[in-house]
Amino acid sequence: MTDISRRERLSYRLSRLYRRAAAHWAELGVGGVLTVGGTVLLLQEELIKQLIGGFPTWLLVVLVVLVPVAAALITYAIRRRRELADRPVLAPMPFPDRIDGLVGRDAELQRIKDEALERGVVVVHGPIGMGTSTVAVQAMWDLAGEARKQRYADLRGPDRDRPETPLSVAQRVLRTLNRPPGAIQEPHDATAQVIEALTGTGHVLLLDNVSAWSQVEWLPTRVPGAHIVVAGTLTDAPPQHVEPIQLGPLAPDAGRALLARHIGDDRAARDPKALELLVDVCLGSPLELVRVGRWLAGNPGVPLQSLVDDLRSLPVSDTLDFVLTLGVRQLRPMAKQLFVLLAGLPIAEVDHQAAAALLGVPSAADAIAELAELGLVENVRMTRVRVSGAFRGGGAEGTPREVAAWRRLVEHFAGQAASYADRLPAEEARAWFAMEDRVLLQVLARHDPAPRTGRALARIADALETWFRLEQRHEDRLRAAAELARAAKALGDEQVQATAELRQCAVLLTWGDPRKARRHFNRAAALHVRVESWPAGLHLAHAALLLAGGDEFTAVESALVRYGQALAGGDVLGQALRLANVAALLMRRAQTLDHDGRGPEARTLHAHARVVLFQALDLARRAGDLGAEAHARELLALAHHYLGQSHDAGLHLGEAERLYAGAADEIGRARCLVHRAGIMLEDPAHEPAAVVALLEEAEPRLPPAGVSTALAHLHLARLRRERAAEHQEAGLAALSPWDGIAEPKQVSELRVRLLAL
């Protein structure tokens with residue numbers, strides 16, 4: 001592998017030296033800056049005297065006027081160019097450009113258009129290199145020539161070994177249709193939203209680079225007044241009612257026409273026999289024909305027959321790689337190094353800025369353009385680059401140069417992710433994460449993390465946690481935390497590992513699975529020698545686990561006391577969370593007393609909880625945290641309900657729903673809907689249909705397990721007797737995390753009621 005040129009490296013190092021020097025200006029202090037500045041001014045004055053000593057007066061007047069103007073214009077031009085180069089393209093993914101003069105695909109194009117008009121959903125299937133995406137894009141332009149009616153989703157993910165999951169595909173499609181992706185728990189939840197978004201619009205939705213039918217089997221079979229096209233190389237067979245349009249190799253005459261388009265008609269006409277043999281070698285693959293044509297166009301002095309003779313001397317399996325190898329040999333040093341590094345990456349594609357970070361240079365645009373011209377990389381998803389499949393895995397894995405490049409890439413992503421996470425929920429930040437979140441997950445998931453990347457990986461995971469919480473993608477939250485824990489363990493960074501384990505514990509508690517949450521809590525606790533050294537978050541998780549796992553109120557109270565002691569001074573949000581948990585503890589104890597027939601004592605505890613919750617609400621407002629404020633409102637509603645103050649309960653519940661919606665917390669809002677349904681059921685004049693509507697809205701947004709999920713199914717089983725058995729089974733499944741372990745009385749009571757249906 002060839003090094004980058006000395007000139008390029010010198011330019012980059014001088015730029016880096018300047019940035020580092022500028023970063024140390026503050027260390028001089030005011031006096032130092034004045035001294036240095038005064039010295040520079042004196043030297044400048046002497047230099048100017050020497051330069052203009054012999055200039056006439058009129059020329060000095062002209063220079064006084066023109067020099068500042070010229071300097072301002074040059075400075076503006078340089079800054080403007082730098083801003084344009086650095087600013088990432090974050091607009092929604094546009095529909096790919098129309099391909100002029102598509103060769104040899106007229107019949108397939110017409111069939112796609114006919115079936116789109118007849119069936120609504122069309123599947124275009126073809127082996128890699130047959131131009132499946134190109135044909136589908138061209139057909140869609142014929143169906144909808146206006147950009148406002150075109151919707152495009154590229155489903156080729158960044159993991160070259162594993163295709164995108166059906167849920168991830170559904171979320172990407174919803175984002176393409178301007179629908180919130182976090183609102184679905186299963187892929188089939190997106191079906192109705194796709195129908196609603198497209199019906200009667202005349203829009204065309206193209207799902208490109210689909211690798212398996214299972215990714216899109218949730219799609220509606222037909223959308224009135226719209227068209228959906230699925231294009232890709234399917235590894236599994238679609239159902240019988242779907243008849244894919246198969247794309248095969250180009251006919252020989254079409255192949256010759258395509259090759260002649262790149263090398264010129266005159267050159268093709270000089271040796272028609274050699275041209276025909278080249279088409280045969282390419283096996284009718286448009287991709288290979290274009291690649292050979294581009295290489296020949298870049299080497300006009302090479303006779304066609306000479307290339308044919310070289311190919312004939314090779315085994316059939318090596319013929320196509322031969323032209324690629326010739327192209328690699330002709331690369332300039334920087335392009336060759338970038339190609340080798342890209343080929344060895346565990347992620348399939350990166351953006352242009354990340355490619356520059358791999359090389360350690362300010363810009364890799366020229367190198368990328370050189371690789372793309374030879375067909376060695378593809379420019380996909382606007383400013384993203386992907387190495388061609390034939391060379392994947394042929395890079396510099398495990399070499400010192402590759403390790404250093406990977407470290408630079410991780411640092412680049414860490415800086416980008418942290419910067420955009422600070423800007424969430426701004427649209428620019430949302431657009432960046434929507435494009436990069438899968439790549440960031442792949443960076444975290446590298447099998448052997450490079451040394452000294454632990455802190456950068458932690459910054460990436462922190463940013464993903466912020467993003468996935470905003471999108472309510474709890475499975476991805478769990479995956480990111482699990483990958484960070486694995487990487488931190490491999491790197492020996494116990495502090496980062498403990499944070500990752502604690503994050504998994506919190507996600508699993510949100511999902512209502514205290515048993516699995518306890519495992520991750522134990523791992524996090526084991527990384528701290530003594531209880532006294534626990535961070536505040538670990539004490540809070542301990543209290544939550546104790547509440548979820550039984551009615552040991554004294555232990556919960558002790559954990560909350562330790563949490564309060566571990567909080568930093570002035571941590572208003574932490575104190576708000578502590579008081580909310582104290583109130584939850586009082587209410588749980590009151591429910592236990594009420595169950596044992598000690599109503600007056602229970603009412604006193606509910607009243608005390610209400611006072612504590614008002615304090616928690618005030619602190620949450622001061623902290624400006626919508627989630628904490630919403631949780632305090634939710635608990636306040638329950639406290640008022642238990643005290644018989646239904647009007648106040650309804651007001652707080654409505655405000656909690658609004659706050660949860662503002663914080664994009666669908667699980668919290670769904671819990672409020674279940675609470676509202678339970679309050680309505682206690683009213684003899686309630687309307688069953690209205691209660692069912694609330695529960696049906698809440699059920700898809702609830703986690704797979706937990707008390708709220710089980711309670712929702714209990715209510716639905718009583719209101720929809722024809723489906724009572726189905727809801728009974730779902731409700732008991734929601735309580736399964738407590739099977740075989742200690743459980744609170746509220747869980748035991750729910751289990752008894754579900755079994756009695």
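Throughout, residue positions are numbered sequentially from 1 according to the sequence presented.
By the side-chain hydrogen bond (donor to acceptor under 3.5 Å, both in side chains) test, Gln215 pairs with Ser211, sequence neighbours left out. Among residues two or more places apart in sequence or in another chain, the side-chain hydrogen bond (donor to acceptor under 3.5 Å, both in side chains) test is passed with Glu697 by Arg669. Every residue two or more places apart in sequence or in another chain was checked for a side-chain hydrogen bond (donor to acceptor under 3.5 Å, both in side chains) with His606, and none qualifies. Under the salt bridge (Lys or Arg N to Asp or Glu O under 4.0 Å) criterion, Glu729 pairs with no residue at all, not counting sequence neighbours. When the side-chain hydrogen bond (donor to acceptor under 3.5 Å, both in side chains) test is applied to Arg658, the partners found at least two apart in sequence or on another chain are Glu655. For Ala190, the side chain to side chain contact (heavy atoms under 4.5 Å, CB included) partners are Ala170, Leu174, Ile184, Trp218, not counting sequence neighbours. For Trp467, the ring pair (Phe, Tyr, Trp, His ring centres under 6.0 Å) partners are Phe433, not counting sequence neighbours. Partners of Leu757 by side chain to side chain contact (heavy atoms under 4.5 Å, CB included), not counting sequence neighbours, listed by chain and number: Leu714, Ala717, Arg718, Arg721, Gln728, Leu754. With sequence neighbours excluded, no residue satisfies ring pair (Phe, Tyr, Trp, His ring centres under 6.0 Å) with His608. For Ala417, the side chain to side chain contact (heavy atoms under 4.5 Å, CB included) partners at least two apart in sequence or on another chain are Trp432, Leu440, Ala463. With sequence neighbours left out, the side chain to side chain contact (heavy atoms under 4.5 Å, CB included) criterion links Glu186 to Asp189.
Judged by distance alone, with hydrogens and angles left aside, the side-chain atoms of Ser736 form a donor-acceptor pair with the main-chain N or O of Ala733 at under 3.5 Å. Within the 3.5 Å criterion, the main-chain N or O of Ala548 finds a donor-acceptor partner in the side chain of Trp738. Of the possible donor and acceptor atoms, one in the side chain of His640 sits under 3.5 Å from a partner among the backbone N and O of Leu636.
Screening residues 660-713 for ring-ring contact (aromatic ring centres under 6.0 Å, His included), with sequence neighbours left out, gives His713-His727.
None of Arg479, Arg459, Arg477 except one satisfies the salt bridge (charged side-chain N to carboxylate O under 4.0 Å, His left out) rule with Glu465; the exception is Arg477. Of the residues Leu585, Leu586, Thr592, the one that meets the side chain to side chain contact (heavy atoms under 4.5 Å, CB included) test with Leu605 is Leu586.
Counting all heavy atoms, side chain and backbone alike, Ala656 lies closest to Ala630 at CB-O, 3.7 Å. The shortest heavy-atom contact between Leu547 and Pro744 is O-CG, 3.7 Å. Across all non-hydrogen atoms, the minimal contact from Ala584 to Leu635 is CB-CD1, 4.4 Å. When all heavy atoms of Ala628 and Leu573 are compared, the closest pair comes out as CB-CD1, 3.7 Å. Smallest separation of non-hydrogen atoms from Val410 and Ala456: CG1-CB, 3.6 Å. When every heavy atom of Leu695 is checked against every heavy atom of Ala677, the shortest pair comes out as CD2-CB, 3.6 Å.
We find the CG-CG distance between Leu719 and Leu681 to be 5.5 Å, quoted to the nearest 0.5 Å. Atom CG of Leu577 and atom CG of Asp625 lie 7.0 Å apart (nearest 0.5 Å). Residue Leu457 holds its CG atom at 9.0 Å from CZ of Arg486, rounded to the nearest 0.5 Å. Note that NE2 of His520 is 10.5 Å distant from CG of Leu509, once rounded to the nearest 0.5 Å. Leu540 contributes atom CG, which lies 14.5 Å from atom CZ of Arg562 (distance to the nearest 0.5 angstrom). Going from atom CG of Leu579 over to atom CG of Asn581 covers 9.5 Å, rounded to the nearest 0.5 Å.
For the pair Gln591/Tyr642, a side-chain contact is recorded, criterion being any heavy-atom separation below 4.5 Å from C-beta on. Using a 4.5 Å heavy-atom threshold, the side chains of Leu444 and Leu464 count as touching. Within the 4.5 Å cutoff, the side chain of Gln615 has no heavy atoms near those of the Leu619 side chain. No side-chain heavy atom of Glu217 sits less than 4.5 Å from a side-chain heavy atom of Pro166. Counting heavy atoms from C-beta outward, Arg518 and Asn522 have side chains that approach closer than 4.5 Å. Within the 4.5 Å cutoff, the side chain of Glu682 has no heavy atoms near those of the Ser646 side chain. Looking at Arg172 and Leu207, their side chains never come closer than 4.5 Å, going by heavy atoms from C-beta outward. In this structure, the side chains of Leu491 and Val496 stay at 4.5 Å or more apart for every pair of heavy atoms.
Side-chain atoms of Gln472 and His474 include a donor-acceptor pair closer than 3.5 Å.
We find that Arg578 and Asp571 are not joined by a salt bridge, their nearest charged nitrogen and carboxylate oxygen being 4.0 Å or further apart. Using a cutoff of 4.0 Å between basic side-chain nitrogens and carboxylate oxygens, Asp437 and Arg473 are scored as salt-bridged. In this structure, Arg438 pairs ionically with Asp476, as a charged nitrogen and a carboxylate oxygen lie closer than 4.0 Å. We find that Glu494 and Lys489 are not joined by a salt bridge, their nearest charged nitrogen and carboxylate oxygen being 4.0 Å or further apart. Contact check on Glu657 versus Arg676 returns a salt bridge, with a Lys/Arg side-chain nitrogen under 4.0 Å from an Asp/Glu carboxylate oxygen. Salt bridge absent: Arg610 and Asp648 never bring a charged side-chain N and a carboxylate O closer than 4.0 Å.
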Salt bridge (charged side-chain N to carboxylate O under 4.0 Å, His left out) between Lys745 and Glu749, worked out | CA-CA 6 Å; Lys745 286 187 178 179; Glu749 181 67 21; over 6 Å; no
Evaluate salt bridge (charged side-chain N to carboxylate O under 4.0 Å, His left out) for Arg515 paired with Asp739, printing each intermediate quantity in order.
-> CA-CA 9 Å; Arg515 179 161 39 189; Asp739 292 348; 5.5 Å; no
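Residue Arg469 qualifies as open at atom CZ: its count of foreign heavy atoms under 6.0 Å is 12 or below.
Aromatic ring orientation, Trp534 versus Phe521: perpendicular (interplanar angle above 60°, classes split at 30° and 60°).
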